[in-house]
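So the structure is just underneath, and the comments pick up after that.
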Amino acid sequence: MEEDLKIISDGALSYCRGNLFLEGCALEKIAADRGTPCYVYSTQVLRGRVSSLKEAFAPLSPLICYSVKANSNLTVLRLMKEENLGVDVVSEGELLRARKAGFPGEKIVFAGAGKSPQEIDLAVRWHLFCLTVENAEELDYIEKAGARYKFPVRCALRLNLNVDVDTHHYVKTSRKETKFGLDPEQAIPLIKNRRRWRWVRIAGLHFHLGSQIKEPSGYAQALSLVREFCEKTRFVPEILDIGGGFGISYRPDEHVVPISSFAQTVSGTLKGWCRTRVILEPGRYLVGTAGFLLTRVLYTKKRPGGKTFIIVDAAMNDLVRPAIYGSYHHIIPVRKRMGKNMVADVVGPVCETGDYLAKERTLPAPVRAGDLLIVAGAGAYGFSMASNYNSRRRPCEVLVEGRKSRLIRKRESFQDLWRLEEN
Ligand code: LLP
């Protein structure tokens, strides 16, 4: 049990006299002060993850661009900035957030399957480090914006390499049947004719294989294909953006190859490409294990001769990953329970059968109304995918550092729900 806690929280969770602590903060106290449901993040885990990623990839001196979509809270972004990272953004909103958090243009890369002309204009106006090109028609917009601001725009063509990776179907992004990137055959003429543009500077290549990838063979395969592509087109990329995707352990016994092995595979395959600047776009790896959804049990319900349900105050609108991907998130009681195990579905109050956080989960008994639970692995694609479904207010967010905790986003108010509808 204690060992499981360590694995799923990088050592930041522990019981002290039967009470669960995140770093030096009692989760019971956070729930009492801030209410539930509430996202809680650990500074120690965030910084620890940044260090291990930096250390693993140090031989390549990459530009690490944290993928804002995983967790776009301004305080998290500022922490990434303090750690000297750049950011990967995919929309005007993310770009504005990154600017608000203080990232300079030269530390921002912009990817996205459907950038609007306005978004491209803004990206060029702010002199971003690089724009990923996923569609030949984007080049016209980029050229126009470059001419408008008299700024040569560094671009990377995103290749769809048709590399399969072992992850959920919805987050595989480099298969032919997905909308992302250009087929290498389509990219060849763009590379060959790249000098016809005055303001577009095709300086490199990009790929992103998918998310929650647990072993590095896909990266090796993709990099070999990129190498072939470069040999064929005699293109020497100045930059090579290999996306994100590095997985994390959601289950205590889930084996994910250490980040150093991903780094070794990438370095090994890139041997001899000394003129290429590597860009990484990790999201989940940096924030996933740092976040927890703190929730209170409202009711328990046992069907005669059947299932037990634990009905909590967090729901699919707060953490949608189980409902969309059937994903597993480890659940731990805040008050240590020593009874024998029980099996239950942990569900929320939303009016959908798909509204669950865990199915047929074994938990230490008893679990009673009023108890607090935490849902682990919620730092990435947790709050950032939250919605107001069922007119529920999105939760507040709290950052813990040692014995201190602070509110980094307030819980929404009911007025926030209808503010834009009043006239
Ligand atoms: N770069 C690009 C171009 C991406 O599309 C993504 C994620 C990333 C970087 C960051 O990937 P990461 O390192 O976080 O795996 N909502 C899903 C994940 C969607 C990922 C979309 N793209 C989930 O909750 O599992």
Side-chain angles (χ1 to χ4, degrees), residues 1-16 19-55 64 66-68 70-83 85 101 246-252 254 256 259 282-295 314 318-319 321 329-336 357 372-384 386 395-410:
M1 176 78 173
E2 298 286 328
E3 204 38 47
D4 287 1
L5 283 187
K6 271 200 193 136
I7 297 171
I8 51 137
S9 71
D10 293 0
L13 284 177
S14 59
Y15 281 109
C16 179
N19 260 309
L20 193 60
F21 278 68
L22 182 62
E23 300 189 25
C25 291
L27 287 158
E28 200 154 284
K29 170 101 172 54
I30 291 180
D33 292 348
R34 312 292 184 190
T36 54
C38 161
Y39 275 97
V40 191
Y41 308 112
S42 155
T43 306
Q44 176 193 312
V45 179
L46 291 171
R47 293 207 193 272
R49 286 270 158 167
V50 174
S51 308
S52 50
L53 189 86
K54 279 184 180 167
E55 200 183 309
I64 302 174
Y66 165 64
S67 197
V68 171
N71 185 323
S72 41
N73 185 289
L74 284 176
T75 303
V76 172
L77 297 184
R78 288 189 187 114
L79 186 144
M80 298 299 177
K81 180 171 176 285
E82 260 175 51
E83 293 284 347
L85 304 192
F246 315 118
I248 60 171
S249 301
Y250 282 98
R251 299 170 192 261
E254 185 171 8
V256 179
I259 196 69
R284 185 189 321 264
Y285 178 83
L286 295 178
V287 294
T289 47
F292 305 86
L293 178 59
L294 182 56
T295 182
D318 304 303
L319 179 66
R321 300 192 70 255
H329 287 266
H330 206 58
I331 297 186
I332 306 145
V334 168
R335 266 278 161 93
K336 195 169 189 171
L357 298 173
L372 291 166
L373 301 174
I374 59 157
V375 185
Y381 308 107
F383 187 91
S384 66
C396 58
E397 295 177 284
V398 169
L399 181 70
V400 157
E401 183 167 17
R403 295 166 70 153
K404 291 200 200 105
S405 73
R406 70 187 163 106
L407 190 64
I408 58 170
R409 183 181 163 105
K410 291 181 193 153

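None of these values were measured; they are calculated from a predicted model. All heavy atoms count here, side chains included; hydrogens, waters and symmetry mates do not.
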Fill in: salt bridge (charged side-chain N to carboxylate O under 4.0 Å, His left out) partners of residues 42-51, not counting sequence neighbours, each pair once
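Listed once each, the pairs are Asp10-Arg49, Arg47-Glu82, Arg47-Glu83.
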
Practice prompt. Identify, with sequence neighbours excluded, every residue that meets ring pair (Phe, Tyr, Trp, His ring centres under 6.0 Å) alongside Tyr381.
Written response: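 Here no residue qualifies.
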
Fill in: ring pair (Phe, Tyr, Trp, His ring centres under 6.0 Å) involving Tyr250 - partner list, sequence neighbours excluded
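Result, ring pair (Phe, Tyr, Trp, His ring centres under 6.0 Å) vs Tyr250: His329.
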
Can you list the residues that meet the side-chain hydrogen bond (donor to acceptor under 3.5 Å, both in side chains) rule with [X], with sequence neighbours excluded?
| X | result |
| --- | --- |
| Tyr41 | Asn71, Glu397 |
| Thr36 | Asp313 |
| Lys29 | Asp33 |
| Glu55 | none |

With sequence neighbours left out, write down each residue that passes side-chain contact (heavy atoms from CB on, under 4.5 Å) with [X], or none if nothing qualifies.
| X | answer |
| --- | --- |
| Ala376 | Ile8, Phe292, His330 |
| Ile7 | Glu3 |
| Arg403 | none |

Item to complete: Name all residues meeting the salt bridge (Lys or Arg N to Asp or Glu O under 4.0 Å) criterion together with Glu2; count only those two or more places apart in sequence or in a different chain, and write none if there are none.
Response: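 Only Lys336 meet the salt bridge (Lys or Arg N to Asp or Glu O under 4.0 Å) criterion with Glu2.
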
Worksheet entry | Pairing residues for Arg34 by the salt bridge (Lys or Arg N to Asp or Glu O under 4.0 Å) criterion, not counting sequence neighbours |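 Arg34: no salt bridge (Lys or Arg N to Asp or Glu O under 4.0 Å) contacts found.
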
Worksheet item: Would you say Leu5 and Tyr15 make side-chain contact, with heavy atoms under 4.5 Å?
Response: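 Leu5 vs Tyr15: side chains touch.
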
